[in-house]
Amino acid sequence: MFERTAGEQPKRARRARDTGAAGIRQWLPEQLSREALGWWLVTRAGIFLLALSAPMLFNRGDTYPDVWRAWWQWDVWHFKAIAEFGYANGEPSGAPLAAFFPGLPVLMRAASWLGIGYVGGGVLVSAIASAVAGVWLAKLARYEFPELRDFGPTAALVWFTAPVGVFLAAPYTEALFCAFAFPAWLAARQGRWARAAILVALASTVRVSGLFLIFALCVEFVTSKKRDWRSLPWLALPAVPVLGFMAYLKQIHGSWFAWQDAQEKGWAREFTWPWTSIVHTFEAATKGHFSADRTDWTWMFRAELVALLVGLLLLAWLLWRRSWGEAAWVGATVAAFVTSYWVYSLTRATLLWWPLWIGLAVLLHRRPWLGRFYLGLAIPLAAIWAAAFFTGRWAG
């Protein structure tokens, strides 16, 4: 990612990149991890404060709100239902559960054995996973830009303060997926293809985005200077959990693509031409399109259009930089979202785009005034998004 030509790249950066794992050990990973975890702790404290305060501040009912249930919103109900009942018990949460991959629900069920319930278990899983992912994002950023001193934790800070950062704390799949995907990509960049394949396989148990990550890993392998053809068989490993899940659903629902059928039934994810999908999204972003009292849908669809623009600009930049693996990752994600009836939940998917957050961190490092501008804009937006989620509004 972000590769330079030999003439452009400083000698110290080339030496550090060539040293591989030895170079990483010289980057004081303990200090890097402490700083990244420090930002994780501060931002988690802020989100938990919002989880407690938002239901009380924005409660319109006559009864005192149950602030402890603020986490029980939207897809959390579906993950809880899978953790509690599995996939073979109808639709206890009111939606076809085959649309969701089993990685997060399995861990929610395991964490519930601590006596904190399924949703509490999901919050715990996301808390741990976001910490792990933040540390590895910092390591990945430091690997890509060894010439920028004290740079890695900046990438973690930018990611933690993302406008949709509440989904890194809620029992959603983003944090867990990134906890596997970020170290997987660092391993791939280092030419450790077996490790990368194992981590991508784990990510593929969490959400359908694992399919796009498999594709990106294959592109990275083919285009990498650290390609080792003896490692090629490892690239088949990530397909195993996906095929296993499909086979399991085939036994229950009679279709290898029951997860796709569920997506279409519950979330209008049927194939739609991109231009038609964008027209539908613009219509949904129009005031009063759904109903006069659902302004949260209107504004969130407008945010989806912004996320789409960001994704297209990021893709164009990655192609220009010839970062083929990352371009495959972002391009596949954008293509999947823009071929549904609407473009929605793409705002959350931006959390998976490590090139975006590392690129922003580079910009912030080289232009400090942009850092102040970004944080001044992102933190209020993150608070608004969190408040919307914790009070049951549509938040993407």
Side-chain angles (χ1 to χ4, degrees), residues 1-10 13-14 17 137 140-148 151 154-155 158-159 162 164 177-178 181-182 184-191 193 196 200 203 208-227 235 238 271-275 277-278 281 303-340 343 345-367 370 374:
M1 183 172 63
F2 315 110
E3 292 184 1
R4 303 181 179 88
T5 63
E8 295 175 323
Q9 194 172 29
R14 290 203 303 272
R17 189 182 298 275
L137 179 62
L140 178 58
R142 194 70 180 91
Y143 180 84
E144 298 291 352
F145 291 90
E147 71 275 15
L148 298 183
F151 166 68
T154 303
V158 172
W159 187 61
V164 289
F177 183 87
C178 291
F182 292 171
W185 203 256
L186 177 57
R189 293 291 290 158
Q190 294 171 333
W193 302 106
V200 171
V208 70
S209 303
L211 296 174
F212 314 142
L213 190 59
I214 294 171
F215 171 62
L217 180 65
C218 293
V219 173
E220 180 67 16
F221 179 84
V222 171
T223 59
S224 174
K225 295 179 180 179
K226 298 180 179 180
R227 178 178 59 249
L235 300 187
F271 177 80
T272 306
W273 290 110
W275 46 89
S277 175
I278 292 174
T281 307
E304 299 293 347
L305 291 171
V306 173
L308 176 60
L309 177 61
V310 170
L312 293 174
L313 291 174
L314 177 62
L315 176 60
W317 184 65
L318 290 171
L319 290 172
W320 179 70
R321 301 291 295 187
R322 297 184 179 181
S323 299
W324 306 120
E326 289 87 354
W329 166 236
V330 175
T333 305
V334 170
F337 279 90
V338 82
T339 51
S340 296
V343 178
S345 297
L346 184 59
T347 50
R348 288 194 286 118
T350 61
L351 293 168
L352 315 181
W353 293 344
W354 64 85
L356 173 63
W357 308 108
I358 294 177
L360 280 174
V362 171
L363 196 62
L364 271 52
H365 187 89
R366 292 174 175 169
R367 299 289 186 272
L370 280 176
Y374 170 80

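If you read the sequence from its start, that first residue is 1, and numbering goes on from there.
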Reported CG-to-CH2 distance for the pair Leu319 and Trp324, which is rounded to 0.5 angstrom: 6.0 Å

Tyr143, Trp353, Trp159 screened by ring-ring contact (aromatic ring centres under 6.0 Å, His included) with Phe182, the one that passes: Trp159

Nearest-0.5 Å distance, CG of residue Leu309 to CG of residue Leu312: 6.5 Å

Taken to the nearest 0.5 Å, the spacing of Arg322 CZ from Thr223 OG1 works out to 12.0 Å

Testing the basics here: between Lys226 and Ser224, what is the closest heavy-atom pair and its distance to 0.1 Å? N-OG, 2.9 Å

Once rounded to the nearest 0.5 Å, what's the spacing between atom CD1 of Ile278 and atom OG1 of Thr272? 11.5 Å

Pairs flagged by salt bridge (charged side-chain N to carboxylate O under 4.0 Å, His left out) wherever residues 348-362 is involved - sequence neighbours left out: Asp75-Arg348, Glu174-Arg348

Anything under 30° is parallel, anything over 60° is perpendicular, the rest tilted; go ahead and classify Trp273 against Trp275. parallel

Please table the atom pairs, donor to acceptor, closer than 3.5 Å between any side-chain atom in residues 356-364 and protein atoms at least two apart or in another chain.
| from | atom 1 | to | atom 2 | distance (Å) |
| --- | --- | --- | --- | --- |
| Trp357 | NE1 | Thr350 | O | 2.9 |

Least distance between heavy atoms, Ala303 atom then Thr347 atom: O-CG2, 3.6 Å

Scanning both residues in full, the closest heavy-atom pair of Leu213 with Trp329 reads N-CZ3, 3.5 Å

Would you say the side-chain atoms of Ser277 pair up with the backbone N or O of Thr339, donor to acceptor, closer than 3.5 Å? no

Show the nearest heavy-atom pair for residues Ala155 and Ala141, with the distance to one decimal. CB-CB, 3.7 Å

Between Leu305 and Val343, is any pair of side-chain heavy atoms under 4.5 Å apart? no

CG of Leu140 to CD of Gln190: how many Å apart, nearest 0.5 Å? 9.0 Å

For Ala328 against Phe215, the heavy-atom pair lying closest together: CB-CE2, 3.6 Å

I need the minimum non-hydrogen distance between Ala184 and Val200, along with the two atoms involved. CB-CG2, 3.8 Å

Is it the case that Glu220 and Trp185 place a side-chain donor and acceptor less than 3.5 Å from each other? no

Would the number of heavy atoms belonging to other residues, nucleotides or ligands and lying under 6.0 Å from CZ of Arg367 be above 12? no

